[in-house]
Each structure stands twice: as structure tokens, then as C-alpha cells.
Number of protein chains: 2
Amino acid sequence: MRDVNDPSHASIPPSGIPPGAGSTAADTSFLESLVGYNARRAALAIIAQVLPELQPYDLRVVEFSVLTVVAHNPGITSRQVCAALDILPPNLVGLLRKLEQRGLIHKRAHPSDRRAQGLYVTDAGAQVQRAAQHAVAAVEQRALPHLSAAERATLIALLRRVYQGSGAGTTR
Amino acid sequence: MRDVNDPSHASIPPSGIPPGAGSTAADTSFLESLVGYNARRAALAIIAQVLPELQPYDLRVVEFSVLTVVAHNPGITSRQVCAALDILPPNLVGLLRKLEQRGLIHKRAHPSDRRAQGLYVTDAGAQVQRAAQHAVAAVEQRALPHLSAAERATLIALLRRVYQGSGAGTTR
DNA sequence: TATTGTTATACTCTATAACTATA
DNA sequence: TATAGTTATAGAGTATAACAATA
């Protein structure tokens with residue numbers, strides 16, 4: 001394999017790339033043949049666009065996910081949130097505390113299990129969640145301008161088969 | 001919306017889930033309608049299966065990616081690796097140092113730019129990379145048993161359009 | 001004996017500022 | 001003035017062990 005930066009082989013064809021040592025594009029063909037690599041790159045690219053949309057609500061992606069699950073599942077327990085979002089219990093504690101201190105969620109005694117607590121959104125929490133959900137849905141549309149609705153549906157269906165087929169959630 | 005854990009509405013139909021407070025499945029329908037959410041879950045599920053395959057070679061996922069790019073692009077510079085894999089330069093330094101100390105890669109003076117250094121795999125590095133690449137390719141096959149070759153190709157093509165269409169690599 | 005929620009803690013990953021040598 | 005490589009450091013994100021209260 002030839003050195004990518006050896007000038008003795010340069011400019012066939014002449015690529016209109018600016019000067020500097022790091023100019024030519026690297027070969028990543030093997031990595032690009034992997035579903036895992038492409039899924040990770042795609043996820044990071046979308047999340048990078050979602051982040052600034054959630055900033056006005058002072059929510060990170062995980063916090064939005066937790067708030068959304070609680071809003072859509074009133075009375076859900078911590079363990080159920082952990083199972084749904086693949087979050088470890090110790091890491092959820094701080095998230096819930098922060099959301100509760102902001103007055104977005106609150107806890108009530110569980111009707112049948114005195115160890116557990118039911119989680120609920122407050123009125124303010126429901127408002128914030130609705131607005132943030134609209135913003136997230138809108139930015140996904142904008143982030144994927146080249147995908148038709150059918151292609152998006154196909155993509156999502158294939159991705160779900162990837163992580164539902166394998167043992168998702170077993171390793172943490 | 002009804003409380004998910006309110007026993008007064010329980011068991012219609014009776015779900016065969018074991019006892020405890022966190023038993024019923026939570027509604028995550030909105031999150032599951034997002035490409036970003038599904039891509040992240042899929043990526044994490046696959047990476048969780050790739051990790052143990054790389055353990056015999058004492059490589060983490062990022063380290064394998066760097067080693068692979070260097071192996072396939074002899075003489076590549078640090079900045080080019082950063083651009084190809086969307087890694088920040090300060091975070092690459094430690095990765096390269098570790099790979100160099102293990103004798104898997106080495107640096108040589110860049111032919112035309114005295115600021116830069118060309119990266120190369122050693123013979124040992126090339127051996128490790130080849131073996132690890134085979135292991136990774138094999139585990140991807142095993143991790144996606146329900147996807148045909150055509151479906152895998154479709155999935156990869158759609159994912160690439162997601163992160164190549166948006167401004168991938170611009171935010172970091 | 002198992003589960004819920006929790007604390008404490010450690011380790012990895014990612015991000016920013018600032019410096020030097022060179023272009 | 002800009003770029004390549006580097007240091008130091010800060011902040012997210014993720015992981016395990018262990019505990020009290022309750023099932």
C-alpha cells in the first residue's frame with residue numbers, strides 16, 4: 001500500500017484540496033462496511049443537532065428521554081425507567097433529583113409496594129416536555145432532509161431489529 | 001393517561017410478567033419514532049457484542065478504529081486520523097502513545113512537512129489488526145442474524161446518508 | 001432470598017484552552 | 001496568520017460494590 005502523503009505520487013487526479021499535511025481523505029472502507037460503525041456515526045450526527053434544540057429547556061438528551069418516559073407513563077417506577085432506557089439505577093438517581101428540584105417531576109407513594117415510588121410530571125414538567133418533544137421531532141425532520149418518510153420508516157424498522165434481536169440491556 | 005402501576009386496572013389481558021413493582025413494559029413510542037434514538041440503541045447493542053471480541057487483543061473500539069485506519073493508510077498524519085474518525089486531536093495523543101508503546105504503530109518524519117509525522121503499523125501491529133478485523137467482521141455477522149445481506153446493505157446505505165448528509169464532524 | 005432506591009466511587013469518553021514548532 | 005502535535009484539565013457518561021428498607 002502506498003503512503004498516503006508521499007508527494008512522489010501526488011495529484012493524479014489533482015484534488016482541489018487546500019494545502020497542509022492533512023489534506024487527502026483517508027480510506028475507512030472496512031469500518032464503513034460495519035453496521036455498528038455507521039450506526040454510531042449516524043447517532044452522534046443526529047444527537048449533535050438535537051442538543052442545541054434542547055438547550056432552551058436546559059435539558060440534555062438523557063434528561064429529555066427520562067422526562068418523556070415519565071410523562072407518557074404516569075406512576076412509573078425508577079426501575080421501569082431504567083429498564084426502558086437502559087440506564088443503570090445509580091445513574092438515574094441524580095437525573096431524577098435534578099428534574100425534581102426543577103419542579104418538572106414529583107414522586108408519590110406506590111399504591112402496592114412500599115419500597116417503590118411512582119414518578120409523575122408536574123404541570124410545568126408536562127409543558128416543558130411537550131415543547132421539547134415538538135422541537136426534537138422538528139429537528140429530526142430537518143436533520144434528515146434527504147430521507148423520504150418511507151426511507152425513514154425502513155431505517156427505523158431495521159435499527160429496531162438490530163437492538164431488539166440482540167440482547168439489548170443485558171450488559172448493563 | 002392511566003397510572004401504569006395502578007392495581008385497580010391490572011391484568012386485562014393478564015401479562016405473564018413476574019411480580020415486583022417494575023414489571024409492566026413502559027410506553028416509549030415517541031422515542032422509538034426517532035432515528036437518533038434507534039440508531040443510538042442499535043450502535044450500543046452492537047458495540048456491546050464487539051467489545052469482548054476485541055478483549056483478547058487488548059483493544060477498545062476506538063483503539064481498533066485508529067489501528068485500522070493507520071494500517072489501511074500508511075503514512076497518515078494525526079490530523080487525518082482525527083478527521084476520518086471524528087476524534088479531537090488532544091484525545092488522539094494518548095491513544096497513539098499507547099499503541100506505540102505496545103509496539104503496534106510507529107511514527108516517521110513526514111516527507112514534506114516537518115510539523116507532521118507519518119503513522120505506520122509495525123509488523124506486529126499489522127498482525128494484530130488483521131486478526132482483530134476478522135473477529136469484528138465475524139461478530140457483526142453473528143450479531144445480526146435476522147438481517148439478510150441485502151437488508152444490511154440497505155441499512156448501511158441509509159445510515160451513511162444520515163451522517164454524511166448532515167454536518168458530521170463540524171461540531172467537534 | 002430477592003428487589004427498590006440509594007450512596008460512594010472509579011473509570012472511560014468527550015470537550016476546551018493554551019502552548020511549541022513549523023508552514 | 002494558520003496548522004500539526006501536544007499538555008493540562010474539566011466535564012459528561014458509564015460502571016461496580018455495598019447498604020437500608022421492604023417484598
Side-chain angles (χ1 to χ4, degrees), chain A residues 5 7 17-24 40-41 43-45 47-48 51-52 54-55 58-66 75-83 85-98 100 105 107-119 169-172, chain B residues 5 7 17-23 40-41 43-44 47-48 51 54-55 59-66 75-83 85-98 100 105 107-119 169-172:
Chain A
N5 291 309
I17 308 180
S23 55
T24 53
R40 183 162 187 276
R41 294 293 299 260
L44 290 173
I47 287 173
L51 259 160
L54 290 176
Q55 201 168 349
D58 194 20
L59 290 174
R60 287 169 298 149
V61 174
V62 207
E63 293 168 340
F64 169 71
S65 299
V66 171
I76 195 172
T77 68
S78 287
R79 297 308 272 231
Q80 287 174 309
V81 173
C82 286
L85 297 178
D86 208 3
I87 297 174
L88 290 170
N91 298 330
L92 184 63
V93 175
L95 295 172
L96 292 180
R97 179 159 42 214
K98 192 176 167 190
E100 191 175 21
I105 68 170
K107 301 174 179 178
R108 279 214 299 266
H110 190 279
S112 63
D113 188 335
R114 282 194 301 166
R115 294 171 305 181
Q117 310 165 62
L119 300 171
T170 55
T171 53
R172 32 177 144 176
Chain B
N5 290 309
I17 308 179
S23 56
R40 182 161 187 276
R41 293 295 298 262
L44 291 173
I47 288 173
L51 260 161
L54 290 177
Q55 201 169 349
L59 290 173
R60 286 169 298 148
V61 174
V62 207
E63 293 168 339
F64 168 72
S65 300
V66 171
I76 195 173
T77 67
S78 287
R79 296 307 272 232
Q80 288 174 309
V81 174
C82 286
L85 297 178
D86 208 4
I87 297 175
L88 290 170
N91 298 330
L92 184 63
V93 175
L95 295 173
L96 292 180
R97 179 158 43 213
K98 192 176 167 189
E100 192 176 20
I105 68 170
K107 301 175 178 178
R108 280 215 297 266
H110 190 279
S112 64
D113 189 335
R114 283 193 301 167
R115 295 170 304 180
Q117 310 165 61
L119 300 171
T170 55
T171 52
R172 34 174 139 181

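Below, chains carry the letters A, B, ... as their sequence lines are ordered, and counting in each starts from 1.
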State which residues pass side chain to side chain contact (heavy atoms under 4.5 Å, CB included) with [X]; sequence neighbours excluded, sorted by chain then number.
X: B/N91; value: B/I87, B/L88
X: B/V93; value: B/R97
X: A/P89; value: A/R79, A/C82
X: A/I47; value: A/L51, A/V61, B/R40

Exercise. When the nearest nucleotide of DNA chain C is assigned to A/S78 and to A/R40 on a heavy-atom basis, which residue is associated with the more 5' position?
Worked result: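 Nearest nucleotide further toward 5': that of A/S78.
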
Exercise. Which nucleotide, C/dT4, D/dA4, C/dT7, lies nearest any side-chain atom of B/R79?
Worked result: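 Of the candidates, D/dA4 comes closest.
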
Exercise. What's the closest nucleotide to the A/A116 side chain, out of C/dT4, C/dT16, D/dT7?
Worked result: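 The closest nucleotide is C/dT4.
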
Exercise. Mind checking whether B/D86 and A/L44 have side chains closer than 4.5 Å, heavy atoms only?
Worked result: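 B/D86 vs A/L44: side chains apart.
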
Close N/O contacts between protein and nucleotides 9-11 of chain C (under 3.5 Å):
none

Problem set entry | Residues in side-chain hydrogen bond (donor to acceptor under 3.5 Å, both in side chains) contact with A/E63, at least two apart in sequence or another chain |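 Residues passing side-chain hydrogen bond (donor to acceptor under 3.5 Å, both in side chains) with A/E63: A/R60, A/K98.
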
For this session: Could I get the full list of salt bridge (Lys or Arg N to Asp or Glu O under 4.0 Å) partners for A/K107, not counting sequence neighbours?
Result: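 Scan of A/K107 (salt bridge (Lys or Arg N to Asp or Glu O under 4.0 Å), adjacent residues dropped) gives none.
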
For this session: Spell out protein contact along nucleotides 17-23 of chain C as letters: B when the base is contacted, S when just the sugar-phosphate is, - when no protein heavy atom is under 4.0 Å; keep the 5' to 3' order.
Result: B---BBS

